[in-house]
A.B. asks: 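Dumping the structure here so I can ask a few things about it.
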Amino acid sequence: MRQLLKSTLAVCALLLLAGLARAEVILTPDEIEQTLAHGPWPAVQAPDPSNRVSGNQRAINLGRRLFEDPILSRDGFMSCATCHQPDQNFTEGLPRSMGRKLLDRNTPALLNLRAHRWFGWGGDSDNLWAQTMLPILHPDEMDNTADNIKATMERGPYASDYRLLFGHAATQSSETVLVNVAKTLAAYQETLMTGNTSFDRFRDALERGDALAASSYPRSAQRGLKLFLGKGRCAFCHSGPNFTNGEFHDAGVPYFLGPGRVDAGRHAGLKTLLSSPYALDGAFSDDPHKSGAWAVRSVIPTHANFGTFRVPSLRRIAQTAPYMHDGSLADLDAVVAHYNEINTERLHADGEQLLRPLNLSSQDKEDLVTFLKSLSDD
Amino acid sequence: MRLPAVLILVAGLSGTAFACGTGGSQMVAKEPTDLQIFATLEPITVSKPFGVELILCGDASDLTVKADAWMPRHKHGMNYAPVVSAEGNGKFNVSNLVFHMPGLWQVRIEVRNADDAKPNTYLLDVEVK
């Protein structure tokens, strides 16, 4: 009996060892090199030179309180947090956002914002504080005015905090006060970052050449990663440490909103950007070198921008459903099915030819989803 | 100590102040020509702006230089217009090139002569990881 137990144990140990040996890295050298380009993470984050209170702890604290306070809306009806809910990764959990009426777009997560060159699905802004002013003023959202914001900062509960950061609101123009409030909100939002993931540990182990540590990344996630880099062609757009190239593409999501209405995406975003006094080449940037302004100065408007949307980051993607600019895909299975069966007739951007039906097996689809799930902090 | 000074003087006399062909990659001209271009690229990260230094070897006086880049397999170019500045003596700096995807890119330099309206184009293939 004891002998039997002993030999059973020995067999178990052998099987375990064999299992370990099989849990290896299945990437080719080329795929390993491509994988390294998706890190390191977390990225080192420098303060925003266009925002003089970026990184300032007093501003971050004030920004956090303002973010959750409906005082910034005309009638106390909603705060930023009404749509960007802190316990939901700053998403709303609805396909399309509910403002004073149903809006056309999905509320995106507010994560790793310093990594972006453009903000909003269509890139309305080239900096975070300018993007922050849009919902405060938008009639379908907080519907406030710069004059009201100034009055609130002169006398309201935040007057002394405001004064310590920027001086007396009473002595400043309404526009300046609004921009300053947006800069404190931006300082807070910049602190919302995602952490280290099992993908990052895999990637870092590959960089160190530590095959043993790398082999603990599940086989299925590795197969999914191979699809992401290769056959799926995902990494052409979802590139770099933040899994986005920061630019605008057509991923085959319909942009018709109803009879006679379309969401023009980047086409409309560029119009807003190029007429905004709050872009990085304007007077409200605190950066004497205007270092980020090259982008707004040299961006090329083309007709191909029509119906394109900013490539979303895929960090913490499993926790920010639903997906796409209109929230039309409920979960990651639906996203993978969308790319797998993509309707190329719907792709209007001439000849980008990146997206085509993928012919994935059900195992492939599962692997791709497993990989996408490994991009969340764990 | 005297050698560098002599070299600079000689180069100054020859009209092109830079040792031609000793640095950078030679670009391929579409039309046969005596003018050669050597390009030195800054390290490239996807979606980040980078610069290229161009050295024109041959008679580089009165030339207009334009820069562009293209992904031949995807049939699209860049989303930003690069800026070319003439540094004199056949040297040009190109800034704000942004390759927004990994893969094969083709840098295209168009050179136009003052009295000859027909431009020549020089190409360089660059693989971005």
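Not measured: the values here are computed from a predicted model. In the text below, chain A, chain B and the rest are named by the order of the sequence lines, each starting its count at 1.
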A.B. asks: Report the distance from atom CE of B:Met78 to atom OG of A:Ser298, rounding to the nearest 0.5 Å.
C.D. replies: 9.0 Å
A.B. asks: Which residue pairs pass the salt bridge (Lys or Arg N to Asp or Glu O under 4.0 Å) test with at least one member in residues 41-54 of chain B, sequence neighbours excluded?
C.D. replies: B:Glu53-B:Lys91
A.B. asks: Counting N and O atoms only, with roles assigned by atom type, does the side chain of A:Asn245 sit under 3.5 Å from a partner on the main chain of B:His100, one being a donor and the other an acceptor?
C.D. replies: yes
A.B. asks: Show me the donor-acceptor pairs, under 3.5 Å and distance only, between side chains in residues 38-46 of chain A and residues at least two apart or in other chains.
C.D. replies:
from: A:His38; atom 1: ND1; to: A:Gly240; atom 2: O; distance (Å): 3.0
from: A:Trp41; atom 1: NE1; to: A:Thr194; atom 2: O; distance (Å): 3.2
from: A:Trp41; atom 1: NE1; to: A:Thr194; atom 2: OG1; distance (Å): 3.3
from: A:Gln45; atom 1: NE2; to: A:Glu190; atom 2: O; distance (Å): 3.1

A.B. asks: Less than 4.5 Å to any heavy atom of chain B: does that hold for the side chain of A:Arg297, its backbone, both, or neither?
C.D. replies: neither
A.B. asks: About how many Å separate CD of A:Glu33 and NZ of B:Lys129, when rounded to the nearest 0.5 Å?
C.D. replies: 4.5 Å
A.B. asks: If you take all heavy atoms of A:Ser239 and B:Pro102, which pair is closest and at what distance?
C.D. replies: CB-CD, 4.3 Å
A.B. asks: Should we say atom NZ of A:Lys290 is surrounded by more than 12 heavy atoms from elsewhere, each under 6.0 Å from it?
C.D. replies: yes
A.B. asks: Where does A:Ala295 contact chain B at under 4.5 Å (heavy atoms): side chain, backbone, both or neither?
C.D. replies: both
A.B. asks: So do A:Arg117 and B:Val98 actually touch side chain to side chain, heavy atoms under 4.5 Å?
C.D. replies: yes
A.B. asks: Please work out which of the three classes, parallel, tilted or perpendicular, describes the rings of A:Trp118 and B:Tyr80, given edges at 30° and 60°.
C.D. replies: parallel
A.B. asks: Any side-chain heavy atom of B:Met101 sitting closer than 4.5 Å to one from A:Leu354?
C.D. replies: yes
